[in-house]
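Here the structure comes first, spelled out in structure tokens, and everything after it is commentary.
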Amino acid sequence: MKQVLFLFLLVFVFTSHADNSLNISQAWVQEGPPNARVLAGFMDIENMTPQDISIESASSDSFKHIEFHQTINENGMARMRQQKQLLIKSGSTLKLEYGGYHLMLIKPTSKLKAGDKITIQFILSNKQIKSIELMVKKPTTVQEGHEHHHHHH
Amino acid sequence: MATDNKDNRNFHKLIIGTAAVIALLAGLFASQQFNNTPATPPKLNNATLLLPPKLIQPNGLIDHNSQPFNLEQMKGYWSFVFFGYTNCPDICPATLFQFKTMAKMLDSHPDVKAKTRFILVSIDPERDNAKHLKEYVQYYHPDFIGITGKNKDLYAFSRQMGVIYQRHEPEKKSEPDDYLVDHSSAILMLNPKGQLQVIYSAPHQAEGILKDYLTVYKYITGLNS
């Protein structure tokens, strides 16, 4: 028990340090049907540090597990490909957005509705943990406009 | 006298010239009128109009109430059809949301709306049974229809519609039922005779699709009247 507590403390120490490494904004989850088994999470992730940083994994109490995915629209086909990690290069912003990269939030542990807030933890390549809050929102037509300038990597 | 002749000639030339210009304008006007008749297919922004349309004969499919959904059920409506699956987090919800937006926009065209339907065909019958599909599509709109069936019947239907899909197993599986399905991103449209009439290409945007649909609707309704 003491060891667990120590680990938690360690995590807290690291978390407080981690807050300056990645700057996350516009974080939201698209509300889905009440029986949806997967939801998508979107955000802008800015890396203002001199080093490249990857997000190695993500977890949340609100979902059974979380994966990184990229949607590829080409030759009339919509494909999704799982990504092992999300790389955010030094000085750049990775946009998780409709038609591009997204968090695939698998098996919600409760029915999520617009207005709910969920928390996700990212484990970063520098072993830091980044905790972020996402607001559940109804989809809007605005997301469609993003498709035209999504990023190919 | 010589001067009079010359004036006359000039006068005649003027008349002939004016007549020619009028004839030309009338011709232009007539051809423009002709272009507006249904004989010339309309130009669409992000869609392909199939002329003649292609007869589709679905077999063995069921709707979200587990009732048969074959050619007979397709007749009488213009149906927007999208192939997808409910475990798809990105493209499918976004397309259903575009359908919802279009349904709302059709409120200002009640005559067209009464003849329009929106259908999601699930190509993932292992995970999407009729009951699950019903709750899923009706979250977007109570009138939306979910269709599924046995793999072989869905495959046959998709091939008739020119749609491709393929199950894709990820390298690292968190759970045994974790797999993705690659699928065509086009929205297909069947006419009230159950024939494939329009293919809307991605990216899908409600206003654009609706504009093309209303153009086709007007054109085909004009041809048939």
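Letters A, B, ... mirror the listed sequences (proteins, then strands); counts begin at 1.
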Return the CG to OG distance between A:Asn75 and B:Ser184, rounded to the nearest 0.5 Å. 10.5 Å
Counting heavy-atom pairs closer than 4.5 Å to chain B, which one of A:Met80, A:His102, A:Arg81, A:His69 comes out on top? A:Arg81
Would you mind telling me which of A:Lys138, A:Arg37, A:Arg79 has the largest number of heavy-atom pairs within less than 4.5 Å of chain B? A:Arg37
If every non-hydrogen atom of B:Phe97 is compared with every non-hydrogen atom of A:Pro139, which pair is closest and at what distance? CZ-O, 3.2 Å
Heavy atoms only: give me the nearest B:Pro89-A:Gln30 pair and the separation to one decimal. O-NE2, 4.5 Å
Please give me the minimum heavy-atom distance between B:His132 and A:Asn35, naming the atom from each residue. O-ND2, 2.8 Å
Can you measure from CD1 (A:Ile72) to OG (B:Ser185) and round to the nearest 0.5 angstrom? 12.5 Å
List the atom pairs, donor and acceptor, that lie under 3.5 Å between side-chain atoms in residues 72-79 of chain B and the rest of the protein, sequence neighbours left out.
from    : atom 1 : to      : atom 2 : distance (Å)
B:Glu72 : OE2    : B:Lys75 : NZ     : 3.4
B:Gln73 : OE1    : B:Asn70 : N      : 2.7

Determine whether A:Met104 and B:Leu180 make a side-chain contact, defined as any pair of heavy atoms from C-beta on separated by less than 4.5 Å. yes
Should the heavy atoms of other residues, nucleotides or ligands under 6.0 Å from NZ of B:Lys131 be counted, would the total exceed 12? no
B:Lys115 NZ: over 12 foreign heavy atoms closer than 6.0 Å: no
Show the nearest heavy-atom pair for residues B:Asp90 and A:Gly99, with the distance to one decimal. OD2-N, 3.3 Å
Which atoms of B:Thr86 are under 4.5 Å from chain A, going by heavy atoms: the side chain, the backbone, both sets, or neither? both
What one should report as the nearest heavy-atom pair of A:Pro34 and B:Tyr139 is CD-CD1, 3.8 Å
Against chain A, label B:Tyr85 side chain, backbone, both or neither, depending on which of its atoms sit under 4.5 Å from a heavy atom there. side chain
Measure distances from B:Cys88 to the heavy atoms of chain A and classify the residue's part below 4.5 Å as side chain, backbone, both or neither. backbone
Counting neighbours of CD on B:Glu126 that are heavy atoms of other residues, nucleotides or ligands and sit closer than 6.0 Å, is the number greater than 12? yes
For A:Tyr98 versus B:Ile91, what's the shortest heavy-atom pair and its separation? OH-CD1, 3.9 Å
Counting only non-hydrogen atoms closer than 4.5 Å, does A:Glu31 touch chain B with its backbone (N, CA, C, O), its side chain (CB onward), both, or neither? both
Going from CG on B:Asn87 to NZ on A:Lys107, what distance comes out if it is rounded to the nearest 0.5 angstrom? 8.0 Å
Take atom CG in B:Asn224; do more than 12 heavy atoms of anything else shown fall under 6.0 Å from it? yes
